[in-house]
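Note that the structure is a prediction, hence the values are computed from the model and not measured. Just so we're on the same page: letters track the sequence lines, and every chain starts at 1. Reckoned from all heavy atoms, side chains included, excluding hydrogens, waters and symmetry mates.
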There are 2 protein chains.
Amino acid sequence: MTQPDTKTRLLDAAESLFSQQGFASTSLRAITSDAKANLAAVNYHFGSKETLLSAVLQRRLLPLNQQRSDRIDQVLSAATAAGTTPDTEALVRAFIEANFAFRRDKYGSSALISIVGRSMISADPVVRDLFLALIHPLINQLHQALCLALPQLPTRLIFTRLFFTMGAMGHCICFSGIAQIFKEDPDSNPEDNNVMTNNLINFVTAGLEAPC
Amino acid sequence: MTQPDTKTRLLDAAESLFSQQGFASTSLRAITSDAKANLAAVNYHFGSKETLLSAVLQRRLLPLNQQRSDRIDQVLSAATAAGTTPDTEALVRAFIEANFAFRRDKYGSSALISIVGRSMISADPVVRDLFLALIHPLINQLHQALCLALPQLPTRLIFTRLFFTMGAMGHCICFSGIAQIFKEDPDSNPEDNNVMTNNLINFVTAGLEAPC
DNA sequence: ATACATTTAAAACGACCGTTTGAATTCTGT
DNA sequence: ACAGAATTCAAACGGTCGTTTTAAATGTAT
């Protein structure tokens, strides 16, 4: 078994550490140490820490967003073929489900999803802007699809609710672990991924469909 | 007009800067500079940066949470007097509305609310744990009240949905400004506070009340 | 094998961080 | 006015950070 090249090892280590600690709290020394590379390797291969984050995000997010975009298009096509308006829950599912399903994808990466969650709600403008630039077209696509699904609601309200959806989703992704802190039931198991995903989809679908 | 004492000036400056940049990204040098105090003043008056954050949170959060707790009790009492179950939206309103109304309170502080939002979704365990310790009892109180309002739903599901609520709320508080990034309507004004608050309450109420 | 480009390596740079120190200053009670 | 406590101050400490530099090592095409 040959070791992946330095660039890949750096991406893997950064993905893992960023997902655990966030961008600002992860040092290049920790990344290069985990990747068994020299400290200077990040700057040599990527130019800077910020460019490394961009590469980490792009490696996973471009195919993930493509997948989500395709699923949204499928929902729209099916609705057109059936002569109905698209189903809100199906659109929500297209946006959220692939995100969580990515944990079990071919890359075997469970880390990217946490980075996405963190980026989505990051206070750091560097992180947030990088992420927003990558997801902006998908959000617009989803927004337009939701406007078709919810013709009785004003466009701007739908956008605001989509914004709430991203908040609930990011929070869910990042901190599902701390939910237990509050639970009085001490022997409660951590929620299964699928259960949590379905709970989230039910919650935001109802929120999006709420009367004006 | 006499200047507030150093301790108060430090709290005010920290509150303002933490709300803009977050805890980790705000240096004690920036805080003491804004407060027109010496660099050592934070360590002298508060002991450490972390204790300063705790003091900043407590100064506003204790009265705010008391206010929210009282409103929840009022909703419960009214329901008992009327012989009905408590109203979900009224409970949500008790939890959320006071938060936003605090912008216009006697302290004139618009900053605390952003810190709360940031703390609620912070990746930093130091920040998160400080905040959670302060809000834990209120969350439990609200959870129990919601269980009365939604007797048809399992307790754990209600908790999960309350968790989504906090995510949507924190995201809404922190980043309502960036919502405009996506908006295609270029001359859209930033949403009025009350409008945004009502949108959020409608969204999470519908999500909480969604059928199981 | 030799010349060349790519990659790795160790070390240092300058900047910023939270905290501590110890002396100077201001306040307070008598 | 004066002693003692409380506060402010400038300076430094030890540490971590992202980045750069310069040289050594490795790979590659002729």
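- At a cut-off of 3.5 Å, with distance as the only test, no side-chain donor of A:Asn202 or A:Glu89 sits close to an acceptor on the other residue.
- Residues meeting the side chain to side chain donor-acceptor pair (under 3.5 Å) test with A:Gln20, sequence neighbours left out: A:Ser16.
- Rounded to a whole Å, the NZ atom of B:Lys7 is 15 Å from the C1' atom of D:dT8.
- In this entry the distance linking CG of A:Asp5 with P of C:dT6 reads 16 Å, nearest Å.
- Residue pairs that meet the side chain to side chain donor-acceptor pair (under 3.5 Å) test with at least one member in residues 41-51 of chain A, sequence neighbours left out, are A:Ser48-A:Thr51.
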Starting at the 5' end of nucleotides 10-22 of chain D, put B wherever the base has a protein heavy atom under 4.0 Å, S where only the sugar-phosphate does, and a dash everywhere else.
-> B-B----BBBB--
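- By the side chain to side chain donor-acceptor pair (under 3.5 Å) test, B:Arg71 pairs with B:Glu97, sequence neighbours left out.
- Applying the ring-ring contact (aromatic ring centres under 6.0 Å, His included) test to A:Phe131 and every residue at least two apart in sequence or in another chain returns nothing.
- Put simply, B:Thr6 has a side-chain N or O that comes within less than 4.0 Å of OP1 or OP2 on D:dT8.
- Not counting sequence neighbours, A:Phe95 has no partner by the ring-ring contact (aromatic ring centres under 6.0 Å, His included) test.
- Spacing between atom CD of B:Gln3 and atom P of C:dC27 amounts to 13 Å, rounded to whole angstrom units.
- Distances shorter than 4.0 Å separate none of the side-chain N or O atoms of B:His45 from OP1 or OP2 on D:dA6.
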